[in-house]
> 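There's a structure below that I have some questions on.
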Amino acid sequence: MLNRFLSGIKPIDILIYVLSFAVFMVTAVVNYGYHHADELFQIIEYAGIKSETFTPLVAWEYDVQIRPMLQPTICLAFLKFFSAISLTDPYIQAMIMRIFAAVISYLAIVLFVRNTSRKISNPRLRTVYLAISLLLWFIPYIACRFSSETFGGAFLLFAMSIYFSDKEDTKRKVLMGVCLALSFIFRFQMGLAIFGFGLWALLIDKKGWKFFIVPIVSFVVTYALLGVGVDSWFYGDFVFAPYKYVKVNSEVSAAKFGSGPWWFYLYNLVSYPTYFIGVPLAIAIVYLLVRSPKNPYLWCIIPFFVVHSIIAHKEVRFLFPMAFLVPAIFMSVVECIDKKWHEKKSWKISFYVLLSAFALVNIVGLGVNMSKSAGYQKFYLAKYINDNLRDKPVNIIHGPDSNPYGPFGAISGFYRNENATMQKFTNLYGIGYLLRSGAENFFTCRKCDLEKMVCVGEFEGRNPFDVLQELGFEYQSQSIPKFTEKLCEYYSGYDTGMVLYVFRYVGDKYGFDESQFKKAVFYYNDCENSDWGQTETITSEKYYSGGHSSVVYADSRYGITLEDSINKVSWAKHMSVVLQVNQTDEIRDPCLALEIVDDTGVRENVWDSRKILDKTKRTNEWVKIVMDFDLPDNFGEYTNFKVYPFNPIEAPVYFDDIFIVFY
């Protein structure tokens with residue numbers, strides 16, 4: 001079979017096959033982590049429900065049964081295999097699954113190019129077609145993602161490869177229906193591209209209705225078995241997921257998760273793949289719409305593109321399945337021009353000049369994606385700990401949205417390290433309170449947030465690197481190599497503000513003596529999904545981080561409240577509170593209160609407070625303040641304590657990111 005495949009293939013083509021396969025494999029190994037959280041939480045974490053190898057964090061979509069479960073089931077098979085051979089490292093497990101995705105995508109692209117390049121009359125252009133199909137800088141990156149976008153796009157290519165093959169028999173029609181069904185099962189939105197391609201085959205390619213009988217039957221049977229069947233088994237109930245998907249998304253607007261303007265995809269079509277590639281791509285699509293509207297690839301892309309542009313919630317990754325068709329779009333235009341101007345020397349010179357420039361830009365892009373992990377690299381520190389400190393206690397202090405074990409404050413069950421503790425903090429002023437003795441202490445923060453974390457107190461206005469060094473933290477590394485950081489802005493739509501800095505604590509017991517350091521008890525609340533009291537004061541009117549704060553005024557004078565048993569901190573002599581405050585007027589009454597309660601009635605309750613105005617006179621801006629309380633000598637004899645903002649005045653005061661330490 002291999003000899004038959006290689007027969008008649010030019011040596012340059014063999015070189016491209018070998019080189020591109022190596023690029024796919026290297027990219028799959030290097031691009032650890034995930035491009036988007038769905039790749040983790042809606043596939044691997046779902047598989048954990050039945051694998052029993054880890055305790056998964058289950059996304060809300062599972063309860064409403066709107067996600068197809070075939071890919072989590074494939075992941076489940078991998079997890080069972082890993083368990084059988086005692087392979088426990090989650091990073092190696094994920095790497096093997098990425099390699100699997102890369103191989104599937106590679107085969108799909110190779111077959112697609114082999115069966116569609118016959119339409120190209122110029123043999124040299126066929127080689128160019130093969131090269132850009134396998135080595136266009138973003139294709140290996142997309143191809144190695146163990147995601148629904150990648151698998152949906154790959155199986156559409158398999159189906160189209162079968163359609164454009166020389167032979168037309170029942171077996172091929174059955175297989176085409178299976179591949180179309182798999183494309184749809186992996187990602188329901190692929191139904192738009194499948195519909196467009198089917199319409200092209202019917203109206204433009206003039207396939208009679210009899211042609212469609214076998215693929216449709218094959219599609220339905222495959223979906224019944226691998227769609228409805230697998231979903232019903234996984235969920236434990238009969239499920240027709242596409243119906244539930246449409247129903248739930250019509251009831252809960254997709255815009256809830258963020259919305260974009262109608263031109264969002266038009267802009268990213270041009271900018272995301274770099275302007276040097278994006279502008280020619282946009283021109284190529286317009287050219288085909290005008291000069292060759294019967295192009296089959298257009299009929300796949302246009303319905304997919306238009307409907308996604310209408311839907312409020314937009315993400316560039318939603319177009320990833322169509323990325324595999326970009327080289328075919330390019331070559332359709334080049335073929336049209338080459339047929340007309342083939343003999344013109346000016347065309348040949350222009351083509352090779354443009355191709356050389358294209359190759360240079362593309363090689364740099366490939367290098368960028370082969371030098372960094374996936375997405376925004378939040379797993380960078382987590383992987384470092386896994387590789388170097390797996391069995392040691394680790395304490396991670398992280399800035400906003402910098403948790404190395406998951407996005408949105410969620411902790412992945414698959415990657416979870418039981419020896420690692422995570423603590424969110426928003427200002428370097430009190431970072432010493434979060435240190436842990438007997439553990440390796442790290443601080444990690446996005447580049448865009450680091451300067452904000454030295455905005456108040458004695459460190460205000462100083463270089464954060466100098467401040468961290470003074471506090472005993474040593475810069476260790478960053479999630480993207482410095483030499484590729486700037487290039488990432490051009491080659492992956494990457495905001496370099498998202499680069500993750502990692503600092504390692506090399507000082508000694510900052511802030512406490514040894515006994516205090518070991519005993520210190522911490523509480524933190526950023527007003528997101530709070531388990532404290534007075535949650536009715538939570539508002540989205542103003543906030544320092546996340547999307548909420550606690551607003552306190554005359555009609556709601558007690559803000560978000562920490563209440564706990566004194567038994568947990570009965571030995572403590574002091575309490576310090578670090579928090580963000582935004583007061584709308586310069587008034588003296590708002591304060592932070594400590595209430596010490598004796599439920600037995602033997603002792604009188606103690607109420608102590610600190611005036612906000614004593615710490616800052618700034619209004620209508622967020623200010624970070626620190627308040628210190630000395631606890632009474634008989635503190636341990638009481639039963640409970642409460643800490644809360646208090647404001648009896650009409651002018652509202654907002655509180656956010658409240659950090660409390662007893663020591």
Side-chain angles (χ1 to χ4, degrees), residues 13 16 20 108-110 112-139 142 153 156-157 160-161 163-164 193 196-197 199-201 203-205 265-306 309 319-363 365:
D13 290 352
I16 292 171
S20 60
I109 294 169
V110 167
F112 179 76
V113 172
R114 187 173 176 83
N115 289 339
T116 56
S117 61
R118 296 186 181 94
K119 296 182 178 181
I120 301 175
S121 55
N122 187 336
R124 291 183 179 178
L125 291 184
R126 293 177 189 171
T127 297
V128 173
Y129 181 32
L130 176 65
I132 65 172
S133 293
L134 287 168
L135 292 172
L136 190 58
W137 70 266
F138 50 80
I139 284 181
I142 294 173
L156 177 65
L157 288 194
M160 295 176 74
S161 302
Y163 183 92
F164 289 119
F197 184 64
L199 210 58
W200 175 86
L203 301 179
I204 306 301
D205 209 30
Y265 291 119
L266 289 173
Y267 172 75
N268 281 282
L269 178 72
V270 174
S271 63
Y272 196 83
T274 74
Y275 288 106
F276 191 83
I277 294 174
V279 171
L281 175 59
I283 294 172
I285 292 173
V286 172
Y287 179 93
L288 292 177
L289 285 170
V290 175
R291 300 295 298 272
S292 183
K294 295 180 180 181
N295 182 280
Y297 315 123
L298 278 184
W299 284 67
C300 292
I301 290 174
I302 296 303
F304 195 90
F305 190 91
V306 169
S309 295
L319 296 186
F320 278 7
M322 298 295 101
F324 294 129
L325 294 178
V326 168
I329 291 290
F330 274 131
M331 295 313 300
S332 295
V333 174
V334 172
E335 169 71 1
C336 289
I337 298 173
D338 188 69
K339 282 182 177 179
K340 186 177 180 180
W341 293 349
H342 179 68
E343 299 301 327
K344 293 187 177 183
K345 188 176 181 179
S346 59
W347 158 245
K348 292 182 180 179
I349 294 174
S350 300
F351 175 72
Y352 284 113
V353 168
L354 288 172
L355 187 62
S356 298
F358 186 95
L360 179 61
V361 171
N362 195 69
I363 288 172

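Along the sequence shown, the residues carry numbers beginning at 1. Reckoned from all heavy atoms, side chains included, excluding hydrogens, waters and symmetry mates.
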> Looking only at non-hydrogen atoms, find the nearest pair between L125 and M331 and report the distance.
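The pair with the smallest heavy-atom distance is O-CE, 3.5 Å.
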> For the pair T116 and Y129, evaluate side chain to side chain donor-acceptor pair (under 3.5 Å) and give the outcome as yes or no after the intermediate values.
CA-CA 10 Å; T116 56; Y129 181 32; 2.8 Å; yes
> Locate the shortest heavy-atom distance separating R126 from S117; write the atom from each residue and the value.
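Reported closest heavy-atom pair: NE-O, 3.5 Å.
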> Heavy-atom count check: over 12 atoms from other residues, nucleotides or ligands less than 6.0 Å from R118 CZ?
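Yes, because the 6.0 Å sphere around CZ of R118 holds more than 12 heavy atoms from other groups.
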> Would you indicate whether the side-chain heavy atoms of M322 and L156 approach each other to under 4.5 Å?
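In contact.
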> Check whether any side-chain N or O of W200 sits under 3.5 Å from a backbone N or O of C300 as a donor-acceptor pair, and report yes or no.
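No, the answer is negative, given that no donor and acceptor are paired below the 3.5 Å cut-off.
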> Restricting to non-hydrogen atoms, name the atom on S121 and the atom on P123 that form the minimum distance, rounded to 0.1 Å.
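Looking at all heavy atoms of both residues, the closest pair is O-CD, 3.3 Å.
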> Side chains of L281 and V270: does their closest heavy-atom pair fall under 4.5 Å?
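Heavy-atom side-chain distance check fails, nothing below 4.5 Å.
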> Quick check against the 3.5 Å criterion: does D338 have a side-chain atom that pairs as donor or acceptor with the backbone of N122?
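Checking the backbone N and O of N122 against the side chain of D338, no donor-acceptor pair under 3.5 Å is found.
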> So do the side chains of L288 and S332 get within less than 4.5 Å of each other, counting heavy atoms only?
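L288 vs S332: side chains touch.
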> Can you tell me how far apart CD1 (I16) and CD1 (I132) are? Round to the nearest 0.5 Å.
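CD1 of I132 is found 10.5 Å from CD1 of I16.
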> Quick one: pull up CG in N295 and CD in E335 and give me the separation to the nearest 0.5 Å.
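The CG atom of N295 sits 11.5 Å away from the CD atom of E335.
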> Drop me the distance from I109's CD1 to F112's CZ, to the nearest 0.5 angstrom.
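I109 CD1 to F112 CZ: 10.0 Å, rounded to 0.5 Å.
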> On a heavy-atom basis, which atom in P273 and which in G278 lie closest, and how many Å separate them?
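Looking at all heavy atoms of both residues, the closest pair is CG-CA, 3.8 Å.
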> Which atom pair, heavy atoms only, marks the closest approach of I277 to F358?
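Nearest pair, atom of I277 first, then F358: CG1-CE1, 3.7 Å.
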> Could you go step by step and tell me if F324 and S133 meet the side chain to side chain contact (heavy atoms under 4.5 Å, CB included) rule?
CA-CA 7 Å; F324 294 129; S133 293; over 6 Å; no
> If we only count heavy atoms from C-beta on, is the I120 to V334 side-chain gap below 4.5 Å?
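In short, these two side chains do not touch, never coming nearer than 4.5 Å.
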> Within this structure, what is the OG1-CZ distance for the pair T274 and F138, rounded to the nearest 0.5 Å?
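Nearest 0.5 Å value for the OG1-CZ distance: 8.5 Å.
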> Of the non-hydrogen atoms in P303 and G196, which two are nearest, and what is the gap between them?
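It is CG-CA, 4.1 Å.
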> Side-chain contact test, heavy atoms from C-beta onward, threshold under 4.5 Å: evaluate it for L325 versus L157 and give yes or no.
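A side-chain contact exists here, since the closest heavy-atom pair is under 4.5 Å.
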> Please lay out, stage by stage, how Y163 and N115 fare under the test side chain to side chain contact (heavy atoms under 4.5 Å, CB included).
CA-CA 9 Å; Y163 183 92; N115 289 339; over 6 Å; no
> First locate atom CD1 of I139, then atom OG of S20, and finally report the distance between them rounded to the nearest 0.5 Å.
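The CD1 atom of I139 sits 10.5 Å away from the OG atom of S20.
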> Going through the checks in order, is the side chain to side chain contact (heavy atoms under 4.5 Å, CB included) test met by R124 and T127?
CA-CA 5 Å; R124 291 183 179 178; T127 297; 5.8 Å; no
> State, with a plain yes or no, whether a side-chain heavy atom of F304 is found less than 4.5 Å away from one of P321.
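Side chain of F304 against side chain of P321, heavy atoms only: contact under 4.5 Å found.
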> How long is the gap from CD1 on I142 to CG on L136, to the nearest 0.5 Å?
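Interatomic distance, I142 CD1 to L136 CG, rounded to 0.5 Å: 9.0 Å.
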> Y297 and M160: side chain to side chain contact (heavy atoms under 4.5 Å, CB included), yes or no, with the steps?
CA-CA 10 Å; Y297 315 123; M160 295 176 74; 3.9 Å; yes
